[in-house]
Amino acid sequence: MSDMTSQDPGRPGTATGPPGRHARHGDHEFQEQPAPPAAAGPQGADADLVAELAELKDRVAELENLWRRALADADNMRKRHAREIGRAQEEERARVARELLPVLDNLDRALEHADTDPGAIIEGVHAVRDQAADLLSRLGFPRRDDLGARFDPARHDAVGARQDATAQPGTVVEVVQPAYGDGERQLRPALVVVAKGD
């Protein structure tokens with residue numbers, strides 16, 4: 001009697017052998033599937049995560065260090081610039097003060113002659129005025145002559161208006177207080193009286 005479990009390899013439906021194991025249950029034969037390969041153990045995955053986390057922490061610490069250095073450099077630069085600006089301002093104030101000293105010297109000399117020669121006071125005041133005007137001019141703020149100029153609200157402040165047959169309406173016929181400087185370097189506008197029309 002032949003073995004009923006053996007099959008002809010040439011017949012359809014005949015099992016050709018492993019990869020799986022053959023088993024029989026009642027009248028049915030089936031092939032067992034091989035077990036899947038075992039997954040990598042959790043200890044290996046944990047070790048990779050720990051290493052990656054340590055690397056990230058090192059990178060964060062490095063970036064924080066760079067950030068603190070950048071802040072320190074910026075603060076040092078700000079303080080250095082503040083010192084340089086302060087030093088430049090002090091030097092400029094000292095330069096202007098030195099320029100004013102001769103003006104004060106001339107005033108002192110004029111006052112010394114006040115009792116003996118009143119005329120010397122007038123002459124001294126004129127000299128001091130001219131010296132002060134020259135100082136302002138050298139500083140970039142020359143005294144401006146606006147007599148006869150067309151009234152300009154950016155350069156003039158009108159304190160009055162009057163009829164003047166010799167002047168064009170809207171022109172300056174009197175300078176009450178002169179201006180110094182011009183444009184963006186104007187120290188102050190001139191106080192003027194303007195000719196009005198008929």
Could you list the donor-acceptor pairs under 3.5 angstrom formed between side-chain atoms of residues 130-140 and any protein atom two or more places apart in sequence or on another chain?
| residue | atom | partner | partner atom | Å |
| --- | --- | --- | --- | --- |
| Q131 | OE1 | N106 | ND2 | 2.3 |
| D134 | OD2 | R138 | NE | 3.0 |
| R138 | NH1 | E99 | OE1 | 2.7 |
| R138 | NH1 | E99 | OE2 | 3.3 |
| R138 | NH2 | E99 | OE1 | 3.3 |

Heavy atoms of other groups near L104 CG, more than 12 under 6.0 Å | yes
For D75, what residues pass the side-chain contact (heavy atoms from CB on, under 4.5 Å) criterion, not counting sequence neighbours?
-> R78, K79
Other than V159, which residues form its hydrophobic cluster under the rule that side-chain heavy atoms must be closer than 4.5 Å?
-> V173, V176, L191, V193
Is V125 reachable from L100 through a run of hydrophobic residues whose side-chain heavy atoms are each under 4.5 Å from the next?
-> no
Test salt bridge (charged side-chain N to carboxylate O under 4.0 Å, His left out) applied to R83 - qualifying residues, sequence neighbours left out | none
Transitive ILVMFWY cluster of L101 at side-chain heavy atoms under 4.5 Å: who else is in it?
-> none
Between R155 and G183, is there a donor-acceptor pair closer than 3.5 Å when you use the side chain of the first and the backbone of the second?
-> no
Smallest heavy-atom separation, P189 atom then H156 atom, equals CB-N, 4.1 Å
Nearest-0.5 Å distance that lies between atom CZ in R95 and atom CD in E91 | 10.5 Å
Ring pair (Phe, Tyr, Trp, His ring centres under 6.0 Å) involving F141 - partner list, sequence neighbours excluded = none
Below 4.5 Å, heavy atoms only, C-beta onward: do R59 and E55 meet side chain to side chain?
-> no
About how many Å separate CG of D157 and CG of D152, when rounded to the nearest 0.5 Å?
-> 10.5 Å
For A167 against A195, the heavy-atom pair lying closest together = CB-CB, 4.0 Å
Results of side-chain contact (heavy atoms from CB on, under 4.5 Å) for Q89 - residues two or more places apart only | I85, R93
Selection residues 171-180 - residue pairs positive for side-chain hydrogen bond (donor to acceptor under 3.5 Å, both in side chains), sequence neighbours left out = R143-Y180, R162-E174
Quick one: pull up OG1 in T166 and CG in D164 and give me the separation to the nearest 0.5 Å.
-> 3.5 Å
With a cutoff of under 4.5 Å between side-chain heavy atoms, which Ile, Leu, Val, Met, Phe, Trp and Tyr residues group with W67?
-> L71
Set of residues satisfying salt bridge (charged side-chain N to carboxylate O under 4.0 Å, His left out) with respect to E184, sequence neighbours excluded = none
Compare every heavy atom of R144 with every heavy atom of G181, then report the nearest pair and how far apart it is.
-> O-NH1, 2.9 Å
Would you kindly say whether R150 and Q168 are connected by a side-chain donor-acceptor distance under 3.5 Å?
-> no
Student check: side-chain heavy atoms of V194 and V192 closer than 4.5 Å = yes
Flag, side chain of Q186 to backbone of A154, donor-acceptor distance under 3.5 Å | yes
Contacts of D73 that satisfy salt bridge (charged side-chain N to carboxylate O under 4.0 Å, His left out) - sequence neighbours left out = none
Remaining members of V50's ILVMFWY cluster at a side-chain heavy-atom cut-off under 4.5 Å?
-> none
Atom CD of E84 with >12 non-hydrogen neighbours under 6.0 angstrom = yes
